[in-house]
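This report refers to the structure that appears directly beneath it.
These numbers come from a predicted model, not from an experiment. Every heavy atom of this structure was used, including side-chain atoms; hydrogens, water molecules and symmetry mates were not. Residues take their numbers from the sequence shown, with the count starting at 1.
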Amino acid sequence: MKHPYHVGSVEINYNSKSKTFEVTGRFFLDDLENGLAKKYGKPFHFNDTKYKAQINEALKNYSSEYFKLKTDNQFLKMNYIGYEEDSESVNIYLESEKVENPKKVEAAVSFLYNLFDDQINLAMLSLMETVKVRN
């Protein structure tokens with residue numbers, strides 16, 4: 001699938017119960033296949049179960065290089081959780097180590113910058129819990 005723009009999104013949510021940041025990155029499937037192939041010098045095919053272990057390993061390594069999260073001037077260790085794909089896009093899931101009451105949060109998101117000069121990654125950060133209203 002060809003598209004005229006190269007954009008991804010990353011949601012970073014602080015979970016005050018687990019004291020971790022939960023991260024979901026969403027990217028076009030074909031862009032991610034091409035980005036991984038360029039980085040690692042071999043083909044990757046989402047939606048093909050025989051590539052699943054290879055993709056998990058590649059995404060774990062790729063994520064650790066192209067996503068950094070810092071709180072209060074300290075880099076956080078990020079754990080790769082897994083991925084899900086559909087016919088057009090891939091969601092990548094990460095979770096940080098525990099961090100108590102972060103005051104300052106910085107994120108560096110450079111997914112697919114190795115492939116496209118015009119890649120844009122939108123990052124959304126949420127530190128607040130959803131407030132539930134009772135009637």
Side-chain angles (χ1 to χ4, degrees):
M1 173 179 75
K2 295 276 186 211
H3 38 262
Y5 55 91
H6 301 102
V7 66
S9 67
V10 177
E11 288 184 34
I12 306 163
N13 296 301
Y14 183 70
N15 182 326
S16 61
K17 288 186 177 72
S18 66
K19 307 268 189 238
T20 61
F21 285 94
E22 298 166 346
V23 179
T24 302
R26 187 173 179 88
F27 304 94
F28 284 113
L29 183 143
D30 60 327
D31 291 349
L32 200 51
E33 282 180 341
N34 292 332
L36 292 174
K38 182 176 181 184
K39 175 76 176 166
Y40 298 111
K42 57 185 174 183
F44 292 86
H45 300 287
F46 288 96
N47 295 314
D48 186 337
T49 55
K50 70 181 181 184
Y51 286 91
K52 192 153 184 80
Q54 181 180 319
I55 289 171
N56 270 312
E57 184 64 25
L59 287 176
K60 179 181 176 183
N61 294 332
Y62 195 87
S63 296
S64 71
E65 185 172 347
Y66 292 103
F67 180 82
K68 304 288 184 197
L69 192 62
K70 207 174 179 182
T71 59
D72 305 319
N73 297 316
Q74 296 287 334
F75 282 105
L76 295 178
K77 180 182 185 310
M78 298 302 298
N79 299 306
Y80 172 77
I81 305 300
Y83 75 93
E84 293 178 316
E85 81 273 6
D86 59 31
S87 61
E88 295 181 1
S89 63
V90 176
N91 286 344
I92 301 170
Y93 302 105
L94 308 171
E95 185 177 45
S96 75
E97 64 183 305
K98 288 188 179 202
V99 59
E100 296 283 338
N101 304 316
K103 303 285 185 268
K104 179 181 177 184
V105 180
E106 299 171 74
V109 183
S110 53
F111 280 92
L112 300 176
Y113 285 5
N114 69 315
L115 187 62
F116 302 113
D117 291 339
D118 63 344
Q119 176 71 28
I120 296 170
N121 293 316
L122 306 172
M124 293 143 293
L125 172 66
S126 174
L127 293 175
M128 303 192 48
E129 290 291 313
T130 304
V131 177
K132 293 182 181 173
V133 178
R134 295 184 185 184
N135 293 331

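Contact record, His45 with Ile55: O-CD1, 3.5 Å, taken as the closest heavy-atom pair. The two residues Gln54 and Pro43 make their nearest non-hydrogen contact at NE2-O, 3.1 Å. The shortest non-hydrogen separation linking Tyr62 to Gly35 is CE1-O, 4.4 Å. Scanning both residues, Pro102 and Thr71, for their nearest heavy atoms gives CB-CG2, 4.0 Å.
In this structure, Asp31 and Val90 have side chains that are not in contact, with every pair of non-hydrogen atoms separated by 4.5 Å or more. A heavy-atom distance below 4.5 Å is found between the side chains of Leu29 and Asn47. With contacts defined as side-chain heavy-atom distances shorter than 4.5 Å, the pair Tyr14/Val99 qualifies. Proximity of Arg26 to Asn91: side-chain heavy atoms (C-beta onward) are separated by under 4.5 Å at one or more points. Side-chain contact check for Val7 versus Phe28: some heavy-atom pair is nearer than 4.5 Å.
Here the straight-line distance linking atom CD of Glu22 with atom CD1 of Ile12 works out to 12.0 Å at 0.5 Å rounding. To the nearest 0.5 Å, atom CD of residue Glu95 and atom CG of residue Asn15 are 7.5 Å apart. Separation of atoms OH (Tyr80) and CG (Leu59) is listed at 4.5 Å; rounding is to 0.5 Å. Atom CE in Met78 sits 8.5 Å away from atom OG1 in Thr20 (nearest 0.5 Å). Atom-to-atom distance recorded for Glu97:CD and Leu69:CG is 9.5 Å, nearest 0.5 angstrom. Interatomic distance, Glu84 CD to Ser89 OG, rounded to the nearest 0.5 Å: 10.0 Å.
The list of salt bridge (charged side-chain N to carboxylate O under 4.0 Å, His left out) pairs with a residue in residues 50-63, not counting sequence neighbours, is empty.
Looking only at distances, a side-chain donor or acceptor of Lys68 sits under 3.5 Å from a matching main-chain atom of Ser64.
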Enumerate, atom names and distances included, each donor-acceptor pair closer than 3.5 Å involving a side-chain atom of residues 104-112, sequence neighbours excluded.
residue, atom, partner, partner atom, Å
Ser110, OG, Tyr66, O, 3.4

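Asn101 and Lys103 form no side-chain donor-acceptor contact under 3.5 Å, judged by distance and modelled atom types alone.
Within 6.0 Å of atom NZ in Lys98, 12 or fewer heavy atoms from other residues, nucleotides or ligands are found, so the atom counts as exposed in its surroundings. Remark: Phe75 CZ is loosely packed, at most 12 non-hydrogen atoms of other residues, nucleotides or ligands lying under 6.0 Å away.
Applying the ring-ring contact (aromatic ring centres under 6.0 Å, His included) test between Phe46 and each of Phe27, Tyr51, Tyr83 identifies Tyr83 as the sole match.
Tyr93 forms part of a hydrophobic cluster together with Ile81, judged by ILVMFWY side-chain heavy-atom separations under 4.5 Å.
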